[in-house]
Amino acid sequence: MAIGKTMRLLSRQGTLLFRLPMQDWFDVAKKLESLALKAAQRANLETDVFSPDVHPADPRFGDAQINGALPYAKRLKTNPREIAQQLVDQLNQDPEITSVAELSIAGPGFINIRFNSEFFLMWLRAFTTEEDFQASASRIFAGERVVVDYGSPNTAKQMHVGHIRAIVIGEAICRLLEFCGAKVTRDNHIGDWGTPYGKLFYAYKRYLNKTALEEDPLGELERLYKLGSRLANDDEATLEECRKELVKLQLGDPDAIALWKRVNELSIDGLKEIYDLLNVHFDCFLGESFYRDQVGRVYEELQETGLAEESEGALVVFHPEHKRYAKQPFIIRKSDGASNYATTDLATMLYRQEHFKATRVIIVTDDRQKDHFEQLDLTTKKWFNQTNRSRPEFRHVMFGKIMGDDGKPIKSRSGDPIRLKDLVYESIDRAYAIVKGKNPDMAEEEHKQIATTVGISAIKYADLSPNRTSNYVFSWDKLLSFEGNTAPYLLYAAARIQSIFRKAGVSMKFDDAAATPFETDEEIALARKIMEIVGVLHSTIETLRPHLLCTYLFELAGAFSAFYNANKVIVDDAGIKARRLILCQRSLLVLKIGLSLLGIRTLDRM
RNA sequence: GCGCGGCUAGCUCAAUUGGAUAGAGCACCUGACUACGGAUCAGGAGGUUGGGGGUUCGACUCCCUCGCCGCGUGCCA
């Protein structure tokens with residue numbers, strides 16, 4: 001049944017109790033807030049002080065709680081329980097709430113709300129498709145144009161573990177924003193300019209292995225860079241040669257530029273291989289080189305506006321109002337006259353505002369760059385204000401490091417960073433062994449497909465499920481485990497639901513008219529959990545913290561498994577069967593929506 | 001030195017931003033219908049939330065202080 005239709009609430013005897021516009025109830029917390037506010041008005045509370053403060057409740061107490069009476073009573077120095085009682089008295093006058101829930105007061109003045117079983121059923125029957133779930137979310141960022149800057153590897157080098165979180169978190173954020181109605185531009189701000197090129201070119205011209213370049217371009221380029229770097233380090237004359245190569249490039253020497261272009265093409269092709277494997281696709285690769293001739297405007301405007309000043313030979317920006325950046329400079333031009341990443345980042349901000357008309361800019365990097373982006377944001381705000389430009393809202397989405405068992409940043413046995421490609425393929429290989437062990441009868445081709453999805457999902461989920469701002473400890477056993485908060489557990493739950501429908505010979509779009517209200521504890525717990533997705537999507541988007549969604553999906557899968565284990569779905573009673581199929585179908589729907597927002601594909605069987 | 005972040009069960013992590021008896025998963029112990037997929041589920045045990053003080057009806061959360069650990073802190077990105 002579609003949103004917008006009026007649901008008829010029938011009593012057990014089939015009499016029409018009243019008409020309830022269910023679309024208002026999609027976001028239960030929001031609806032309760034508005035009802036509580038109305039009640040507060042009728043109770044003559046000071047409505048500019050009262051805030052409903054609606055939370056999901058511990059199931060022991062109810063389905064939701066309104067806590068606003070406590071802070072209200074504190075401000076007005078009155079008795080919180082009395083305030084709560086006044087609110088409940090008013091709410092109990094309102095058929096919109098009394099028809100779906102029972103209210104009670106507990107402790108110092110918590111108002112507990114417990115929905116009746118019919119309400120859960122009506123809710124689940126009102127919202128049945130991804131579009132239904134997206135309808136309210138898509139208003140959040142409607143009309144917004146967001147540039148999301150993530151990935152940002154250096155060219156001529158292979159990506160390593162240090163890049164995985166940026167890719168995975170960035171992609172999840174893009175998908176969440178799109179789900180919420182934003183027009184997203186995925187921009188990969190690659191490091192494709194600067195000092196490493198002198199060393200690379202020096203070695204490229206002398207030690208290139210053409211066959212290796214054909215077979216593994218990034219591997220060969222990286223080898224050459226390391227070689228050039230080592231030679232320059234050991235020998236002063238070689239270092240001087242490298243400098244000359246760099247100068248040629250910076251002066252626009254045609255041969256140097258041609259070589260630089262070739263290296264970049266090879267690099268981006270190599271990068272795309274892994275991005276494809278991870279199902280991540282960028283709209284543009286506007287790297288540092290793209291902005292190299294745009295730094296002049298930055299110098300001019302920041303000096304004209306008086307924001308930048310000379311200090312120790314460099315051009316810098318101080319922020320006197322800030323306790324730290326009053327003294328710690330934002331260096332936008334080095335004392336040798338060269339630009340640095342502050343310069344190009346400022347130029348990038350300008351381009352995103354002028355060219356993309358961005359209303360928001362999000363940059364995803366590790367947390368060590370926090371200071372830099374705070375200074376960038378402060379500087380950009382002042383700059384754009386003084387030049388009467390619209391100011392995109394900036395968010396630095398940062399994340400912590402991936403640690404090894406020893407509590408130090410993860411490294412390979414040789415001490416080098418682990419290559420991203422190796423990491424992903426090792427995950428797929430490990431998944432393959434597990435899948436094959438569990439399903440010996442399955443066709444080889446299916447083993448491979450499932451292993452690829454499981455392996456990649458497991459890596460992604462390991463990056464997303466811990467709070468992004470903290471470091472996390474990497475463990476193969478944990479991320480590929482089929483127990484606990486992991487991708488395989490969630491994929492398994494989804495696959496098993498599909499299996500029920502296959503077994504029952506029922507389509508996903510079955511006729512649910514016969515469904516009777518939920519009765520068992522497991523049914524009600526699952527229904528309640530499904531409804532929680534609405535609030536979870538809101539908090540995930542507000543904070544740009546995908547782990548909130550992960551935690552929820554894990555709980556949902558758990559609630560489903562508990563239900564599935566205790567309540568048989570395929571039973572003779574048509575009413576029971578229909579309502580349990582509803583729970584199965586909606587669980588699957590929400591799992592699929594949630595996982596796809598995280599950039600994870602689901603499987604029909606595994 | 002200054003700044004930022006972290007410190008929660010044996011281990012790995014949560015805690016809707018000040019709400020009720022701090023929750024999960026591993027690991028450990030006990031149990032479950034020859035099974036709509038046991039890759040599951042139910043239960044048990046496990047805590048002075050780094051230490052100390054304070055704010056209030058109420059603190060992992062806010063303030064002060066001390067202790068470790070990590071990161072940043074003028075010309076890398």
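Order of the sequence lines sets the chain letters (A, B, ...), proteins ahead of strands, with each chain counted from 1.
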field: Sole residue of A/Y291, A/W193, A/Y299 in side chain to side chain contact (heavy atoms under 4.5 Å, CB included) with A/S339
entry: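 In the set A/Y291, A/W193, A/Y299, the residue that makes a side chain to side chain contact (heavy atoms under 4.5 Å, CB included) with A/S339 is A/Y299.
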Using a distance-only criterion (donor-acceptor N/O pair, under 3.5 Å, no hydrogens), is the base of [N] paired with the side chain of [X]?
X	N	answer
A/S335	B/C75	yes
A/D345	B/A77	no
A/Y492	B/A39	no
A/S470	B/G6	no
A/K74	B/G58	yes
A/Q65	B/A20	yes

field: Nearest-nucleotide comparison on RNA chain B, the residue closer to the 5′ end among A/G107 and A/S561
entry: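 Closest to the 5' end, via its nearest nucleotide, is A/G107.
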Any strand counts, and the cut-off is 3.5 Å on both contacts for Watson-Crick or G-U wobble. Which nucleotide pairs with [N]?
N	value
B/U34	none
B/G58	none
B/C26	B/G10
B/C4	B/G70

query: For A/H163 and A/S152, does a side-chain donor sit closer than 3.5 Å to a side-chain acceptor?
result: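 Distance-only check fails for A/H163 and A/S152.
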- request: Verify the distance criterion only: is there a donor paired with an acceptor across the side chains of A/R545 and A/T469 at less than 3.5 Å?
  value: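 Short answer, yes.
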Phosphate contact (B/G38 OP1 or OP2) by A/Y564 side-chain N/O below 4.0 Å: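 Answer yes for this pair, as a side-chain N or O of A/Y564 is under 4.0 Å from OP1 or OP2.
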- request: Compare side-chain N and O positions of A/K401 against OP1 and OP2 of B/C69 and report whether any pair is under 4.0 Å apart.
  value: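 Answer is no, no contact under 4.0 Å.
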Applying a 4.0 Å non-hydrogen cut-off, can you work out what [X] is touching in the nucleic acid: base, sugar-phosphate, or nothing?
X	value
A/V316	base
A/N567	base
A/E312	base
A/Y472	sugar-phosphate
A/N112	base
A/P488	nothing
A/H547	sugar-phosphate
A/K438	base
A/L70	base

Note: A/D187-A/R352 ion pair, threshold 4.0 Å (strictly below):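 Result for this pair is yes, salt bridge flagged.
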message: Are B/A20 and A/F61 stacked, with the base six-membered ring and the side-chain ring centres under 5.5 Å apart and planes under 30°?
response: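 Answer is yes, a stack.
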message: More than 12 heavy atoms of other residues, nucleotides or ligands under 6.0 Å from CZ of A/R75: yes or no?
response: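 Not buried by this count: 12 neighbours or fewer within 6.0 Å.
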Chi-angle category of B/U17 [syn within 90° of 0, anti beyond]: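 In terms of base orientation relative to the sugar, B/U17 is syn.
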